[in-house]
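Input: a single structure, listed below in structure tokens.
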Amino acid sequence: MPCRSVAVVVAAIAARNLAGAGLAQPLTWVFSSLVLLMNVVIVYSNRTAVRSVTAAFQRKGDPELARVQVAPFLRAAENAFPRWVRAQAHIRNTVVFAGSAIALLAVSLG
């Protein structure tokens with residue numbers, strides 16, 4: 001789901017929560033939990049990229065791919081991006097984790 005769509009859904013659920021709509025709290029639980037879990041999966045896949053790409057290259061059985069040193073290859077690819085890309089990813093993760101936690105805490109207490 002594109003980021004704008006997620007933001008629109010989050011804003012709509014937040015507005016319904018502020019308006020006191022009864023269905024808003026269960027929607028917050030479901031949607032915030034899903035967003036939190038999706039971000040966990042993204043972070044996990046980023047952390048295990050070397051292992052995943054190495055396994056994928058091995059499955060291909062291509063001798064050219066077998067010679068690729070995956071860790072330096074991925075590091076070079078990551079370093080090819082401007083510095084702000086990494087900062088943006090950290091900010092996104094912080095906002096998603098904190099926002100989801102705050103939303104879940106708010107509906108738990110409210």
Side-chain angles (χ1 to χ4, degrees):
M1 183 181 293
C3 289
R4 285 189 192 135
S5 300
V6 172
V8 168
V9 171
V10 167
I13 293 173
R16 294 192 60 84
N17 268 311
L18 290 172
L23 190 58
Q25 285 188 337
L27 287 175
T28 300
W29 270 106
V30 171
F31 194 74
S32 292
S33 298
L34 286 174
V35 168
L36 184 65
L37 289 174
M38 286 186 288
N39 207 56
V40 167
V41 170
I42 290 168
V43 170
Y44 177 78
S45 70
N46 289 343
R47 296 283 183 203
T48 60
V50 171
R51 187 175 19 168
S52 300
V53 173
T54 301
F57 282 6
Q58 288 174 351
R59 280 193 306 271
K60 289 292 183 185
D62 183 340
E64 235 7 79
L65 288 177
R67 287 194 298 255
V68 173
Q69 294 179 342
V70 175
F73 173 73
L74 291 179
R75 199 169 26 261
E78 186 175 290
N79 290 336
F81 287 102
R83 286 188 179 161
W84 63 264
V85 172
R86 181 177 291 218
Q88 180 266 341
H90 290 302
I91 292 167
R92 182 201 66 225
N93 288 333
T94 302
V95 168
V96 169
F97 284 125
S100 295
I102 290 168
L104 292 171
L105 183 64
V107 295
S108 295
L109 298 175

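By convention here, the first residue in the shown sequence is residue 1.
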Any chain of hydrophobic side-chain contacts (each under 4.5 Å) joining [X] to [Y]?
| X | Y | answer |
| --- | --- | --- |
| L34 | V41 | no |
| L27 | V96 | yes |
| M38 | I13 | yes |

**Request:** Check F57 against L65 and note the closest heavy-atom contact, atom names and distance.
**Result:** CD2-O, 3.7 Å
**Asked** What are the two closest non-hydrogen atoms of V70 and V50, and how far apart are they?
**Response** CG1-O, 3.7 Å
Please report the interatomic distance [atom1]([X]) to [atom2]([Y]), rounded to the nearest 0.5 Å.
| X | Y | atom1 | atom2 | answer |
| --- | --- | --- | --- | --- |
| H90 | T94 | NE2 | OG1 | 8.5 Å |
| F31 | L36 | CZ | CG | 12.0 Å |
| L104 | L109 | CG | CG | 11.0 Å |
| D62 | R67 | CG | CZ | 8.5 Å |
| S100 | L105 | OG | CG | 12.0 Å |
| L74 | S52 | CG | OG | 9.5 Å |

**Item:** Neighbour count above 12 (heavy atom, 6.0 Å) for Q69 CD
**Value:** no
**Asked** With respect to Y44, which candidate in N46, I42, T48 satisfies the side-chain contact (heavy atoms from CB on, under 4.5 Å) definition?
**Response** T48
**Prompt:** Are the side chain of N39 and the backbone of V35 linked by a donor-acceptor contact shorter than 3.5 Å?
**Reply:** no
